[in-house]
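Written below as structure tokens is the structure these notes are about.
These numbers were taken from a predicted model, which means no experiment stands behind them. As the structure lists them, so they are numbered: ligands from 1, and atoms in each ligand from 1. The figures here come from the full heavy-atom set of this structure, side chains too, leaving out hydrogens, waters and symmetry mates.
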Amino acid sequence: MTTKAIKIKRPEVRRYLVPINTAASQQMFTDCLVIGSGIAGLRAAIEAASNGCEVILVCKKRLQDSNTWHAQGGIASVLANDDSIASHVKDTLKTGCGICDAEIVEQVVADGPGLVKELLDWGAEFDKTATGSISVSFEGGHSHARVAHALGDNTGRALADALIKKARQFENVTVIENFFAIDIITNDAGVCIGVIGQNSKSSTEIIWAKSVILATGGAGRLYRETTNPDVATGDGLAMAVRAGAILRDMEFMQFHPTTLYIAGASRALITETLRGEGAILLDTNHKPFMAEYHPNAELAPRDVVSRAILDTMLKTGSTHVYLDVRHFKKDYFAKRFPFINELLVSFDIDISKDLIPVRPSAHYMIGGIKTDRQARTSIANLFACGEVASTGLHGANRLGSNSLLEGLVYGRMAGTNAAAIAKKAAKTAGPPKFKYDIPKSDRSRLDTEDVLNSLRSLMWRNAGITRMAKPLAETQEIITFWERYVLDKIFDSPTGWECQNMLTASLMIAKAAETRTESRGVHFRSDHPQIDDTNFKIHLEFE
Ligand code: SIN
């Protein structure tokens, strides 16, 4: 793996969060261990199982608790007659602002239609046109309608359901819910040999595996405002860095322009396909503003829309803007966007009369664990796919709905290759013996809940939609201070480990954002507002 990159020093972290002693631990064995139950993890498990491997799939909470489950817009793929692979490739490259890996883009886009049809065969309830073909919508940055959706705006649920059903058909797939993966275990040669985690009975357990696939998803919960569910705390990113994997492009956190903003209520995504179907953004004086910022107005790339909303909020001194869907037919809206419709009704918002209050929030981690074109990480026998991975598809800005597509393509790829490794692995004489001790720390203990709330506000304020050198440097100082009192501890429950992981992942985001002194894609530096191709048309890697 030798893509040209600027190198950044990786954070100094203890190798394991918990002591390990095989003599005193429960242990399990498998060919292939998959961590995560989003589209990538499920697809990987199905592929490894159909290649004849014993597969264990673990997830932090229920199978349904993933970013995939909450996806609304859909999955981007070339399905319409007037569309073409070349056009989807071109849109992806253009949105990625010069640092996509063109070969990966071509591979993912070309595999898309076949994998979407496979999902249809597996029972995914894609919405259809009157003539029976898969119905497709527009999203920002796409020059053709190519976003396939299912059960209206419940796309993620429909796709995950179909994959869960399919995975359950394999007798060689064991699903373990409520398993918190704490750390990847590597041997003296740095090869991945398993994972230590905590099971639903709160006992520590080691799963030895011939190959491991990390599909742990995103990190939106590092930010106060986010579309992501509770589970998205960047655990896979932190685990990988502790194990010595290369991570890259951590500065590229994508913000979604429109989340429902009702003070006191948790944020909820309001899908971009609404704008694709004609919803208009209005300021709090009820004036449209997007045309002032981009010729494509509401369908400008997400980063442009997010910054335009932020600017408009500043100009009008308000906490939000509005999305206007009053011109939609009520019956059509309820059928096409059932999730949002129900949500709005629950807040007494009548779409035929009322405007929808929205503002941007953290949505998708573009950077992550560097993989090659075979989903291999820099650690032998460790694969990564989905949001936790950085394959090179998205560059500096992800085209809407390309992530579910990437999850399918790279989930399958990781499953195939992890199965091949597992099949080739020599028979072991018995469980490895492994011991790792951690000295007890006498430093004071910080309140992890308090640290987490403060961290999420800090990240939102200083490493959010717009960034500047000084606040980014301050962010790192503050995180490093918290780390002194949090990373030295041995916790025995997910809240503590999540706090440790979130500090590690946040520090990498702030460091990378400080290093990239230009603006590219989703990374906007107010003190360096221009793109700098001479110095930065390149990835940033933690090594
Ligand atoms: C949306 O529905 O707006 C989100 C789709 C995506 O992030 O790809």
Side-chain angles (χ1 to χ4, degrees), residues 38-40 66-77 88 91-92 95-96 108-109 112 116 126-127 135-142 145-160 217-220 223 225-229 232 252-261 267-279 281 296 298-306 309 323 325 333 336-341 343-344 356 358-366 368 386-387 391 393-395 397-410 521-522:
I39 193 166
S66 67
N67 256 332
T68 295
W69 187 266
H70 294 270
Q72 293 178 8
I75 179 160
S77 192
H88 191 179
D91 292 343
T92 303
T95 304
V108 171
V109 168
V116 169
F126 283 106
D127 299 323
S135 167
V136 280
S137 294
F138 264 105
E139 273 183 11
H142 288 279
R146 60 169 73 101
V147 179
H149 41 88
L151 305 178
D153 55 3
N154 285 304
T155 308
R157 198 186 82 197
L159 305 196
Y223 287 83
E225 309 282 324
T226 181
T227 61
N228 288 193
F252 297 126
M253 167 60 78
Q254 184 173 58
F255 296 84
H256 195 288
T258 55
T259 28
L260 182 65
Y261 177 70
R267 306 289 174 257
L269 177 68
I270 303 288
T271 179
E272 184 165 337
T273 46
L274 260 182
R275 278 176 285 127
E277 296 203 14
L281 283 161
N296 294 350
E298 269 69 16
L299 285 183
R302 272 183 197 173
D303 60 304
V304 176
V305 184
S306 291
I309 292 177
L323 204 53
V325 294
F333 189 90
R336 173 67 184 89
F337 302 104
F339 173 83
I340 296 174
N341 190 55
L343 179 73
L344 297 179
I356 308 170
V358 291
R359 62 189 265 167
S361 53
H363 182 55
Y364 187 89
M365 176 35 102
I366 290 174
E387 191 171 347
T391 63
L393 172 70
H394 308 305
N397 196 1
R398 179 182 64 95
L399 193 58
S401 295
N402 263 1
S403 44
L404 289 181
L405 174 65
E406 186 194 40
L408 274 187
V409 174
Y410 267 83
V522 298

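In terms of protein heavy-atom proximity, atom 8 (O) of ligand 1 is closest to S401 N, 2.6 Å. When only non-hydrogen protein atoms are considered, atom 2 (O) of ligand 1 lies nearest to T271 OG1, 2.6 Å.
In this structure, the separation between NE2 on H394 and CD on Q254 is 8.5 Å, given to the nearest 0.5 Å.
Across every non-hydrogen atom of Q72 and T155, the tightest pair is O-OG1, 2.7 Å. Between A150 and A158 the shortest heavy-atom distance is CB-CB, 3.5 Å. Taking each heavy atom of D127 and G152 in turn, the nearest pair found is OD2-N, 2.9 Å.
Counting the atoms of ligand 1 from 1 in the order shown, those under 4.0 Å from a heavy atom of G73 are 1 (C), 2 (O). Of all atoms in ligand 1, listed by their number and element, those nearer than 4.0 Å to a heavy atom of G400 are 8 (O). Those atoms of ligand 1 with a heavy atom of E272 less than 4.0 angstrom away are 1 (C), 2 (O), 3 (O). Shown in contact with H363 at under 4.0 Å from a heavy atom are these atoms of ligand 1, numbered in order with element: 4 (C), 6 (C), 7 (O).
With R398, R302, Q72, Q254 as candidates, the residue nearest to atom 5 (C) of ligand 1 on a non-hydrogen basis is R302.
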* Asked: side chain to side chain contact (heavy atoms under 4.5 Å, CB included) between V522 and R302: does it pass, once the steps are laid out?
  -> CA-CA 8 Å; V522 298; R302 272 183 197 173; over 6 Å; no
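Not a single N or O atom of N402, backbone or side chain, sits closer than 3.5 Å to an N or O atom of ligand 1.
For the pair P338/N154, a side-chain contact is recorded, criterion being any heavy-atom separation below 4.5 Å from C-beta on.
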